[in-house]
Amino acid sequence: MSALEDLPNIGKVLASELRSALIPDPEALRSIGTEKTFIRLNCLDKNSCLSKLYAIEGAVQGIRWHKIEALRKQELKMFYYHLKR
């Protein structure tokens with residue numbers, strides 16, 4: 001996969017946001033990781049939501065976000081609410 005749009009959960013809008021956050025391709029996304037990617041996006045748009053965080057995690061793992069393990073979802077939820085406080 002060479003384009004962000006080829007990843008699960010990544011459509012044109014999120015791909016554009018990722019590129020604006022200087023994440024040009026799937027390799028960069030995996031290298032930066034879910035939490036750091038979300039921090040970058042949140043700096044550009046304070047309205048970034050929990051669903052976007054899950055979408056990023058699913059893309060990093062190469063799965064639909066619905067299939068993220070419950071424990072990992074809970075970790076991400078805690079990260080999200082801590083960041084948004």
Side-chain angles (χ1 to χ4, degrees):
M1 286 185 231
S2 59
L4 290 166
E5 293 88 348
D6 294 335
L7 295 172
N9 316 307
I10 307 295
K12 290 180 182 182
V13 173
L14 184 50
S16 176
E17 291 174 1
L18 290 167
R19 289 184 186 102
S20 293
L22 304 179
I23 301 169
D25 55 44
E27 184 178 318
L29 178 63
R30 287 186 206 95
S31 176
I32 293 166
T34 301
E35 287 87 350
K36 289 180 182 176
T37 294
F38 189 79
I39 289 169
R40 287 187 186 193
L41 293 176
N42 194 59
C43 287
L44 298 174
D45 177 10
K46 296 291 183 194
N47 293 318
S48 293
C49 63
L50 183 59
S51 295
K52 186 179 289 187
L53 179 60
Y54 289 160
I56 295 164
E57 175 67 13
V60 167
Q61 290 189 33
I63 59 174
R64 294 287 298 152
W65 72 267
H66 306 287
K67 295 186 178 187
I68 298 169
E69 291 183 11
L71 179 59
R72 180 61 176 145
K73 274 189 177 176
Q74 185 61 33
E75 291 171 351
L76 292 170
K77 190 182 246 184
M78 290 172 53
F79 166 79
Y80 175 81
Y81 286 113
H82 178 74
L83 182 69
K84 293 294 187 167
R85 312 190 286 170

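Note: hydrogens, waters and symmetry copies are ignored here, and every other heavy atom, side chains too, is used.
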Side-chain ion pair, R64 and E57, N-O less than 4.0 Å: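 Salt bridge flag = no for E57 with R64.
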
Residues E35, R72: salt bridge by 4.0 Å N-O rule: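 R72 and E35: salt-bridged.
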
S20 side chain to S16 backbone, donor-acceptor under 3.5 Å: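 It does hold such a pair.
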
Side-chain donor or acceptor of N9 paired with backbone N/O of W65 under 3.5 Å: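 Yes; at least one donor-acceptor contact below 3.5 Å.
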
Are there more than 12 heavy atoms of other residues, nucleotides or ligands under 6.0 Å from atom [atom1] of [X]?
X   : atom1 : value
H82 : NE2   : no
K84 : NZ    : yes
Q74 : CD    : yes

Atom [atom1] in [X], atom [atom2] in [Y]: separation rounded to 0.5 Å?
X   : Y   : atom1 : atom2 : result
D25 : D6  : CG    : CG    : 11.0 Å
E17 : L44 : CD    : CG    : 8.5 Å
F38 : L83 : CZ    : CG    : 6.5 Å
K36 : T34 : NZ    : OG1   : 11.5 Å

Residue pair P8 / A59: nearest heavy atoms and the distance that separates them: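 That closest heavy-atom pairing would be O-CB, 3.4 Å.
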
Verify same cluster id: I39, Y81 (apolar side-chain graph, 4.5 Å):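 Yes.
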
Do [X] and [Y] touch side chain to side chain, with heavy atoms closer than 4.5 Å?
X   : Y   : result
P26 : L4  : yes
K77 : Y54 : yes
I68 : Q61 : yes

Partner of K52 under side chain to side chain contact (heavy atoms under 4.5 Å, CB included), chosen from T37, N47, L41, N42: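 That would be L41.
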
